[in-house]
Each structure stands twice: as structure tokens, then as C-alpha cells.
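Values below: all heavy atoms of this structure, side chains included; hydrogens, waters and symmetry mates excluded. Order of appearance sets the numbers: ligands from 1, and atoms from 1 within every ligand. This is a predicted model, so every value here is computed, not measured.
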Amino acid sequence: MLDMLRKIVQQVNAAKSLDAALDIIVKRIQQAMNTQVCSVYLLDPASQQYVMMATEGLNPKMVGQVSLALSEGVVGKVAARAEPINLEDASKHPSYYYVAGSGEENFTSFLGVPIIHQRKVLGVLVVQEQRQRHFNESEEAFLVTMSAQLAGVIAHAEVTGGVTVTPDSDKARSDAKFDGVAGAPGVAIGTAVVIAPPADLDGVPDQQSEAPELELQRFEEALEQVRHDIRVVGRSLAKRLKGEEQALFDVYLRMLDDNALAGEVMELIGQGQWAPGALRQVVQSHVQKFSLMEDPYLRERATDIKDLGRRVLAYLQKQTAGRPTQYPDNTIVVAEEITPAMLGEVPTDKLVGLVSVMGSGNSHAAILARSMGIPTVMGAVDFPTTQMHGRELILDGFSGRIFANPSSELLHFYDDILRNEQQLTAGLEALKDQPSVTQDGYKMPLWVNTGLVTDVALSLDKGAEGIGLYRTEVPFMIKEFFPSEVEQKKSYRKQLEPFAPRPVTMRTLDIGGDKSLPYFPIVEDNPFLGWRGIRVTLDHPEIFLVQVRAMLLASEGLDNLRIMLPMVSNVMEIDEGVALINQAFAELMDEGHQILQPEVGVMVEVPAAVYQVRAFARRVDFISVGSNDLTQYLLAVDRNNPRVAGLYYSFHPAVLQALQGIVSEAHKEQVQVSICGEMAGDPGGALLLMAMGYDVLSMNATNLPRVKSAIRGVSMPQARTLLDTVMAMEDPEAIQAEINDTLHRVGLGRLTRPVTHDGP
Ligand code: PEP
Ligand code: MG
């Protein structure tokens, strides 16, 4: 059964259109369950009717013709109740509704199960039989399982179906909409540039070529190189392999024959597809076919084809290596996973937006994008990246949506928002030299979070009073191996020097979770609960000590360094970390350097730390709250998983109580408490944190002017009243609404995010 399920899902996944997918579904389920009828009804959002989209067994002419209102017929009932209905005789059911011409009158028994994706009923899957009988438990279980598995595939096919039309047709201006998760606020209107990591055949985008002959030549060259490699390997292994194993190399060579794979690729190139795109299409279609075969030997051949495809792609990519990618004005970069290296590659004057299929609003890619002020949508899992290269897109980083082929009406709507945002940003520039004080004179220090070198200039430009978090892993992530002490010292100096004498808080390497180094992969089932942050560096004192030495050396003569330890969950980690810092300091003093002993602090990012604040505070000079991780761990919501992004509530009562508790406890030990999670960069969040008593708010430079404007726009009693109100509330969404209302009431409505999800 499982095998059957896997095969059907695979076949449906490979279908080229929604109609083809639905046809496969009904045919295969009808066969698998050995019933007479299988039909699928989908909700048409425009007419709010369930339309029969495919059938095996009923009158095929009625496909698209049979439609039922929301609670009409037994089908409507299944959808309304969102649970299966299993009937011996459907015609006796009070909701039974006969549609003339469907042929349904010939069938008595009925089993319908809802197709539900992300809580929404997409439609109903139905099987029917002439014989009056009750479908048995295992049949019902099979259909329910099938429907649950297919729901995601159908949802995906529904959204992608909208963009496969040719760009000139009327339907092309269809505002095809793709939902993701808000990554960085703002709107971008521009052209998609799809970036696939090297050797990722599945990520290669379709692209029309201007010179098919040249593409053909490129492909033939790459092919010849792969053939050559295979012959060389074959010859060198000849002595060690048996005849039949050696024959495998001939099979490979034959696969690359003009009459086989290569011929098909060439045909597509002849039709105008560029070589890598043609290669991807042919390889994918063969892989699909092979992986559905019964014979395990033949099924395994799918892996060989994939491997050959990757080899040819590697040579194709080698030919163009070093050739710069063309970035049009207003580039929107689209990738499976946005990396810091990618961000560095695109000229900043061309980059207006980012779309990442993976990740969520608090993934590190999103945090980086926010610090660069680039509107971003994360977790766009249904976005058909391979079809998007060169397309015009609207990216809505406020609500986390992307529109392809936008209509002029939608373009006008977003153009207005874009202009309003630009005006607001320009208006806030005047605040640069104004102090961060409330109307009644309370001073609230605003610091910044940095990662890239460019963040420093931007931060100074926005009037930052210090760096509350320098994420040292960012420079590590764009390297090919661990940077040396000298190299590290150079990059750290670039943060410390421009800010001196203002304090700069450098966090020791915080890798693991969703931050991996290409040269130090950490593969775990549960990376956010695994080897992360201080846990890695205490296990590798050689890495930790080099980093701390580099920080200390970089601070020589500037004396503005603070060192901070991430992901601490017990006091031993602090004691060990501090001991290593002291060791590095003592070594450098022995070497004759003149360095001021830095302040050392810890981050409170895990629930265990919340309950140990006083013990931590007694061991360090300052505490900084990492509310991004703290929220993820308190709410048990993976910050990187778009599926649960809706549950990641920054203003959840549990989070607010923890944040309030941390300040009170730390202040009992007279230790400074700052916060460097994203919440500090939200105007409403900043007011609450100020009222709680946080000594420093550290945020990305782009948000700093907004936060300053919020602080200057209220008095401390007003902020305290807001805090008192929300601390007494229970519902995180109501809390968010209360914060927005308050901002509007005190005349700061412009700082709240524009509402875009209702569209024009
Ligand atoms: C945090 O967790 O809030 C934090 C500031 O650290 P990071 O986002 O880099 O994990
Ligand atoms: Mg963190």
C-alpha cells in the first residue's frame, strides 16, 4: 500500500499541469481501490462552487460542468464538515443532489473525503460503486491518507498552474499569487534573477537562449568531457571489475548517445531552451520514469541518470565560470536558499528584493536582508523558481507574497505603497542627529546589530550609539575555510575602529541551527537543539581561542571591545568561556600587547537561561537577550520553518513575561541588560522593552530611525500604560492589535506596516 501511495504521489508531482495531475489522481485511485468511480471536486474561489475537475467512471463530458454550491450535495456536506462521509446508498442522504447528465444515478455507494491544505478545504475526493455497500475501514483509511498526501501537491499545482502560460497572452497578466512568509518589510517591483547553487540540476531555471547554435556547441563540448571522464574511470578500474560491472560504463556511455538523453537535450536546445535548462528537463523526466519502475534494478538507474546530468552540468558551468551574471536594474534574486555569499555577489544598486523558497521570517537570511533593508519573502514553498527567470515580479515583504505577471492595476497599487515608504524613510533621515529621548526626557540608548562590513557605515549614518551584536559568523560564512587570526583581526578592526570610542559587542562564533559553514558542515536531525553556538566552540577551543585573540588584538588602542557568548544554557559554559577569554588575554599580555580587558557578557536565548539570570549575571558584566531564539524555544516554533511561521508570535504573553522577568532579575545584580533580537527593531516592541526597563535596544540599522521616531513620539508614562495593558492580555494577536492601535492613537500610525493583504 505504501509503495502504491509513494508511486501515485510521485506521478502526480511530475505532472505538467493541474489538469494532468488530477487525471492521474482519479485514474490511479480508481485502479488502486478497484472501484468504479473516482472523481475530484475542487473549490473555485471565484464562484465559490465545488467543480468536478476530473473523473474516472462518471461522464467525462461533465468535467468542468458539474458544480455545487458550498453546502450543496453530499460533496458539499463533506467539505462543510471537513470529514469523510461513507454511505451505502447516497441517494438516501438528505443532502443528495442529482446532477443530470453526470451518470451518477448508476452508482449507489459513496465515500467522500475532504482535501485539506493548511486548514483550508480545497475540495473533495470521491469514490463510488454500483453495488450497495459500506466502504470498509481500510478503504476509508487509504482514501484519507491519499487525500492528505495529495493536498499539498494539488495546492502547489493550483498556484503554479497560473504562470505556465506564455508571457504575451491575456492570461499572463494574471497577478499569479504565491504565498510565503514576510522576511523583510517593503515592496519591490523588478525582474527575477534565479540563482541556483553550482551542480544543483533541479534548481536550474528555464531560460530562452539567444544563440541556440552556441548552446548546442557548449552542450556537445560538456558531453564529450563527461564521455572522456567515464572512459578514463572505466579503463582505470578495468582490472578490478568483473565483466558485467564493467559493462555498466558502456551503459553510461550509451545513455549519453545522440539517440538517447543527449539527442533529447539537443532537440530542446534547438527549440530555444538554453543548455542547462534543456538538460534539467530531460534528466528530470527520465528520472521520474525510472523511479516509478517496479524492478529495483531499473529503479536504481534513476540515480545514474541524475549523476550523469550533474556531471554534464558541472562542465557547462565551468565554461561560464568567472563570467559575471547579468543583473538587470531592479533585480529580485530568487533562490532555493538565500546565502550571505549571494547577497554579496549582486551589486547593491541593482538589488531590490529577495525570494527564498526555504526559511522563514526569523531565519538568518531574513535577518541579514532586513539589516540591508531589502524587501524579502521567505518560505515561498510553492514558488516555481525554475519558471521565473526574467519574469516581472511584485514582491510584498509586508505580507510575504509574490505576484508574477502583474496587471497594471496591481502595479499601480504597489507603486503607491513603494513611494509612500520612500517618503517615510526620507522623512526619518532628519532624525539622525536627534537624541533618542521620550517626550518627558527619558533617554533610551539605541545600538545596532551588524554582520557585514557595509553595516558599519550605514549604522553610523543612522546615528547608532554602539554595536550591541556583531554576528561574527557572517564573515565566516562567506569564506572557504576558517579565517586565520590575522584575517579575523582585520575584519574585526573594521567594526571596532569606525565606532570607537562607542562600544562594540562581538559575539563569539554562533554556528549550527540554520547557520552552517560550507567547510564545517554539521548534519543533525534536530539542529536547533543540537550542536550550536557555545557548544561548538567550547568543544573546539582552538577555534574559540583564535577568535578571541583576534578580537582582543583588533581592539588594541581602541578599548571599545565587549565579548558576548551565545546559546548558553548553564553556568559551566560561562565559566569555561570566561576562562578561555582570560587565557587568551593573558597570552597577549605576555606577548607584550597593550589591551584593555574587555567586558564579557552572555546571551539569554533559551528558557533555561531565563530561570538562571541572576546566576549568570553574577558571572558577567552584561546580559543581552536574543529574543529570536528565545521566542523559538519558548513557543517550540522553529524560526526557520515556514509551516509554523504563523505561530511565531513575538508578542506572545509567555515571551513578554519572560522578557520582563529577565530585566528584573538582572537588575537585582546591577548588571546591564540589553536586547538584540528583532523585537527591539519593531517600533511597538521597542516601546514595550523600554517600559520594561531594558538598558539598551540593539537592532538593525534600517529600523533604527523608525524606533527612534517611536521613542521620541511618546512619553514614558504612555509606554508604561501600553505595557501594563498588554501584560494583562492573553491573546498574542489581540496584543499585536492593541500595540498597533496605541501607535495610531499617539500619532505614530505611519510607523506601523501598511496593510497590503487586501490588495487594490
Ligand atoms: C537572537 O537569537 O535573538 C539573536 C540575536 O541571535 P541570532 O538571531 O543571531 O540567533
Ligand atoms: Mg540567537
Which segment of Lys515 sits under 4.0 Å of ligand 1 when only heavy atoms are counted: side chain
Glu730, CD: over 12 other non-hydrogen atoms inside 6.0 angstrom: no
In ligand 1, which numbered atoms sit nearer than 4.0 Å to a non-hydrogen atom of Cys676? 5 (C)
For Glu678, is the nearest heavy atom under 4.0 Å from an atom of ligand 1? no
Rounded at 0.5 Å granularity, tell me how far CZ in Arg502 sits from CG in Asn560. 9.5 Å
Could you go through the side chain to side chain donor-acceptor pair (under 3.5 Å) check for Asn740 and Thr752 one step at a time? CA-CA 7 Å; Asn740 284 354; Thr752 58; 5.5 Å; no
For Phe178, is there any backbone N or O sitting under 3.5 Å from a side-chain donor or acceptor partner on Arg401? no
Atom indices of ligand 1, in the order listed, that fall short of 4.0 Å to a heavy atom of Ile367: 8 (O)
Does the distance from a Lys or Arg side-chain N to an Asp or Glu carboxylate O, for Glu465 and Lys443, drop under 4.0 Å? yes
Considering the heavy atoms of Arg639, write down every atom of ligand 1 situated less than 4.0 Å from one of them. 2 (O), 7 (P), 8 (O), 10 (O)
Return the residue, atom name and 0.1 Å-rounded distance of the protein heavy atom closest to atom 7 (P) of ligand 1. His364 NE2, 3.2 Å
Structural part of Arg507 in contact with ligand 1, heavy atom criterion under 4.0 angstrom: side chain
Basic-acidic side-chain contact under 4.0 Å: Arg532, Glu573: no
Where ligand 1 meets Leu469 - atom numbers and elements under 4.0 angstrom, heavy-atom basis: 5 (C)
Indicate yes or no for a side-chain donor-acceptor contact from Lys462 to the backbone of Pro705 under 3.5 Å, with no hydrogens or angles considered. no
N/O/S atom of Asp629 inside 2.8 Å of the Mg ion (ligand 2), strictly under: yes
Closest approach to the Mg ion (ligand 2) by Glu605, given as the N, O or S atom name: OE2
What atoms of ligand 1 come closer than 4.0 angstrom to any heavy atom of Gly677? 3 (O)
With side chain to side chain donor-acceptor pair (under 3.5 Å) as the criterion, how do Tyr649 and Gln736 come out once you've worked through the C-alpha distance, each side chain's angles and the decisive distance to 0.1 Å? CA-CA 9 Å; Tyr649 292 111; Gln736 177 71 70; over 6 Å; no
